[in-house]
Peer 1: 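Have a look at this one before I ask anything.
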Protein chains: 4
Amino acid sequence: MAKKTGEKYQAIIDAAVRVIARQGYHNAQVSKIAKEAKVADGTIYLYFENKDDILISLFNEKMGNFVETNRRHIAEASSIEQKLYVLVHAHFSQLSLDHDFAKVTQIELRQSNPHISEGIGNVMKQYFDLIDEVIREGIDKGIFHPDIDVRVARKMIFGTLDEVTTSWVMKQCKYDLVYHTESVHNLFLYGMKGK
Amino acid sequence: MAKKTGEKYQAIIDAAVRVIARQGYHNAQVSKIAKEAKVADGTIYLYFENKDDILISLFNEKMGNFVETNRRHIAEASSIEQKLYVLVHAHFSQLSLDHDFAKVTQIELRQSNPHISEGIGNVMKQYFDLIDEVIREGIDKGIFHPDIDVRVARKMIFGTLDEVTTSWVMKQCKYDLVYHTESVHNLFLYGMKGK
Amino acid sequence: MAKKTGEKYQAIIDAAVRVIARQGYHNAQVSKIAKEAKVADGTIYLYFENKDDILISLFNEKMGNFVETNRRHIAEASSIEQKLYVLVHAHFSQLSLDHDFAKVTQIELRQSNPHISEGIGNVMKQYFDLIDEVIREGIDKGIFHPDIDVRVARKMIFGTLDEVTTSWVMKQCKYDLVYHTESVHNLFLYGMKGK
Amino acid sequence: MAKKTGEKYQAIIDAAVRVIARQGYHNAQVSKIAKEAKVADGTIYLYFENKDDILISLFNEKMGNFVETNRRHIAEASSIEQKLYVLVHAHFSQLSLDHDFAKVTQIELRQSNPHISEGIGNVMKQYFDLIDEVIREGIDKGIFHPDIDVRVARKMIFGTLDEVTTSWVMKQCKYDLVYHTESVHNLFLYGMKGK
DNA sequence: CATGAATGAGCTTTCATTCAT
DNA sequence: CATGAATGAAAGCTCATTCAT
């Protein structure tokens, strides 16, 4: 029923990101998105099941690219330490490139309803898997401590990246997010303990 | 105008936590909260400015206790490592004690509007300050690495605790959250690197 | 049931005039009037049937005095022309003395509901009768034209006084209302036609 | 935002007049007006900003026509006396033609809130200006007494017409309003004094 | 394919009135 | 007599979704 391709499909997704980033999730009415996309209200429903579907599609599309790009970069790194570094760096640098998407991801989409959370679960799973793979490889290669609980470590990694990014967005993206890559990478690798 | 004490005040706060935890933020109408609190709709407005005020008060009240309890526990610990351990342990154990509040904090309140986010900023700041103090003390005493960026470390700590807790809530609190204290503590202290 | 005497009765009436004049009819909640009268909300209902009853009583009490005073002044005048003059003069000067009551009468009470309009009908009737008496006496004494329709003339007189006063109130009572007595009196007596 | 044309716009205005005239201002809920106009509640808000806007538009639309018609009739009259006569006659006859509108104008709209009063100020000003013009012309042509205060005379004219009409409406429009044209006209011109 | 006017269910908040103390 | 905390009905407005054109 809903045709998920075509230039109008993309126009609507892009419009949605802009509107939500600019006006906030609670002011992102379908009619506003339609107007921003230069499309009639009803046209939205030729490409999306309902409003939630716009948001889910938006997130999946963008986050799908995000994960894929990140995965590609990681694949190019040689050492495990490098891979972890690239993971952090790519996370920060990709979100730095698109403030609108960063705001939507870190702030606005969290204000959405349960439906949406479910709809985006799949892509998030892929990101989590990506992080898990790096960790496992590190353990297998004897670089990371063998007793590390992969899932806990992944939550640390993701939780930290997420919190750092959210803080940055809430401070209006005013400083350089990528700059923190090294600090974060160091904390992940060596923790806080001095020698 | 709004009298923020009394047993009805508490009854409404408690009812709100239950209703939101059970039915979700988007189904938590004022009338439902009133009914759950065994109070008339209008009575709500004798104790709260508006609906947002219920949620903000709820969070501040509960989270205020949370921070205070955590702070007290930490004060009792002797070594820095112990303090960090207690920080993690208290975070997990307190949220383990009140699944409803955990759900409201980790999931539902994030679906709220910007106004609420602002209203709860102050208590969160206090929690962040508490974490910062521990980190700073650790650095000052030479336990933590001197080059650590306090704010980044704090974001790692909070981000991790938050992510671990959210995962647990989304898995219906089915496993023992406190059990992860040690893993998390270890990661914070020593990172992932094997020796 | 409602005891219409006592100092609290008066206090409530006076408070009502002040509150309505200051904040407007639509912001004159019972609780505000009670507060202004330094009385509990419930106390209002020991002296008045309901909110409308406050307003009706207020109007009748004040307007009753108004009519009585006006009647007394008129009685003291000798000629018919004098009586008409006094009628106009008293109307303007009495309302000039109490801006709050003027505002309530001319503006706020007209925003009230049908119940109130009915409740104040009786005193208005007395004022209309007073005007009618003057007109009739003028006709009987051959001073006013015998073909004048008393009711129409009365409506002209009251309508004019009312409109002039309302304009004055809406201009914040900034100019001298009584000053217009002569112009109005002249128009009533001789009309607009030049010789 | 609100499209102030189209047949639905008119249907809503007409429905509002009927509902308010029949049930009174305080019983004229938006949903009732919508039902009477055979339109959904939400449709109202495609054509009007809010409830007040319905009433303001209604009044301005109808009263605008009223003033225009009256002005046209007056322009056709030759002598000043004729113009004054036509002014009175048109006022009465136009309101006689639409009892519902008369009731809304004379009774119900006065029960509205300050916002509405402001919104209708402009059209009233135009009516006042029209009356002023007639008076001034009368003075300039030496028909009316040169010492007449235009604004006072206008208040007499409008106040009288208004009071006569209100009385008629409150008596259920049971008698012929236009019949009083002559009495009123005479009073305006010659006053009450016999020769 | 595209439009956009129309729909109508749903929710927060106010405030006159009551009644247990 | 007096209090004032509690009541709960009532109404304006929004906005995702539909469907005739």
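Convention: sequence-line order gives letters A, B, ...; per-chain numbering from 1. Only this structure's heavy atoms are used, side chains among them; waters, hydrogens and symmetry mates stay out.
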Peer 1: With rounding to the closest Å, how many angstrom separate the P atoms on E:dC1 and F:dT21?
Peer 2: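 Going atom to atom, P in each nucleotide, I get 23 Å.
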
Peer 1: Between P on F:dC13 and CZ on D:F48, what's the gap in Å once rounded to a whole number?
Peer 2: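 Computing the D:F48:CZ to F:dC13:P distance gives 13 Å.
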
Peer 1: For residues A:F66 and A:D98, determine if any side-chain heavy atom of one lies less than 4.5 Å from a side-chain heavy atom of the other.
Peer 2: no

Peer 1: Scan every strand shown for a Watson-Crick or G-U wobble partner of F:dT14, both distances under 3.5 Å, and answer none if you come up empty.
Peer 2: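 Its partner is E:dA9.
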
Peer 1: Report the relative orientation of the aromatic rings in C:Y9 and C:F48; use parallel for angles under 30°, tilted for 30 to 60°, perpendicular for over 60°.
Peer 2: parallel

Peer 1: Rounded to whole Å, please give me the gap between NZ in B:K35 and P in E:dC11.
Peer 2: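 Atom NZ in B:K35 sits about 13 Å away from atom P in E:dC11.
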
Peer 1: Just to verify, what does B:K4 make a side-chain hydrogen bond (donor to acceptor under 3.5 Å, both in side chains) with, not counting sequence neighbours?
Peer 2: B:D53, B:S57

Peer 1: Atom CD1 of C:I44 and atom P of F:dC1: how far apart are they, to the nearest Å?
Peer 2: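 Taking atom P of F:dC1 as the reference, CD1 of C:I44 is at 16 Å.
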
Peer 1: Between the main-chain N or O of B:A28 and the side-chain N or O of B:K51, is there a donor-acceptor pair closer than 3.5 Å?
Peer 2: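 Looks like yes, one N/O pair under 3.5 Å.
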
Peer 1: Side chains of A:D52 and A:N113, heavy atoms from C-beta outward: is any pair under 4.5 Å?
Peer 2: yes

Peer 1: Using atom OH of B:Y9 as one end and atom C1' of F:dA5 as the other, report the distance to the nearest whole Å.
Peer 2: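 Those two atoms, OH and C1', are 18 Å apart.
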
Peer 1: Do D:Q10 and D:E61 have side-chain N/O donor and acceptor atoms under 3.5 Å apart?
Peer 2: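 Per modelled atom types, D:Q10 and D:E61 side chains form a pair under 3.5 Å.
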
Peer 1: Does B:Y47 make a side-chain N or O approach to OP1 or OP2 of F:dA6 shorter than 4.0 Å?
Peer 2: yes

Peer 1: Nearest whole Å is fine: how far is E:dA16 C1' from C:H115 NE2?
Peer 2: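 So the two atoms are 14 Å apart, to the nearest Å.
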
Peer 1: Measuring to OP1 and OP2 of F:dA2, would you say a side-chain N or O of C:K8 lies under 4.0 angstrom away?
Peer 2: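 True: C:K8 side-chain N/O within range (under 4.0 Å) of F:dA2 OP1/OP2.
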
Peer 1: Treating primed atoms plus P, OP1 and OP2 as sugar-phosphate and everything else as base, which nucleotides of nucleotides 14-21 of chain F get B, S or - for protein heavy atoms under 4.0 Å?
Peer 2: BSSBB---

Peer 1: Do A:I44 and A:I12 come within less than 4.5 Å of each other through their side chains, counting heavy atoms only?
Peer 2: yes

Peer 1: Map A:V39 and D:A40 onto DNA chain E by nearest heavy atom, then report which one ends up closer to the 5' terminus.
Peer 2: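 Mapping each residue to its closest nucleotide by heavy atoms, the 5'-most match is A:V39.
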
Peer 1: Starting the side chain at C-beta, find the nucleotide from E:dC1, F:dT7, F:dT3 nearest to B:L46.
Peer 2: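 It is F:dT7.
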
Peer 1: Measure CD1/D:I33 against C1'/F:dA11 and give the value in whole Å, please.
Peer 2: 12 Å

Peer 1: What is the pairing partner of E:dC1, taking Watson-Crick or G-U wobble pairs with both distances under 3.5 Å in any strand?
Peer 2: none

Peer 1: To the nearest Å, how far apart are B:K38 NZ and F:dA6 C1'?
Peer 2: 17 Å

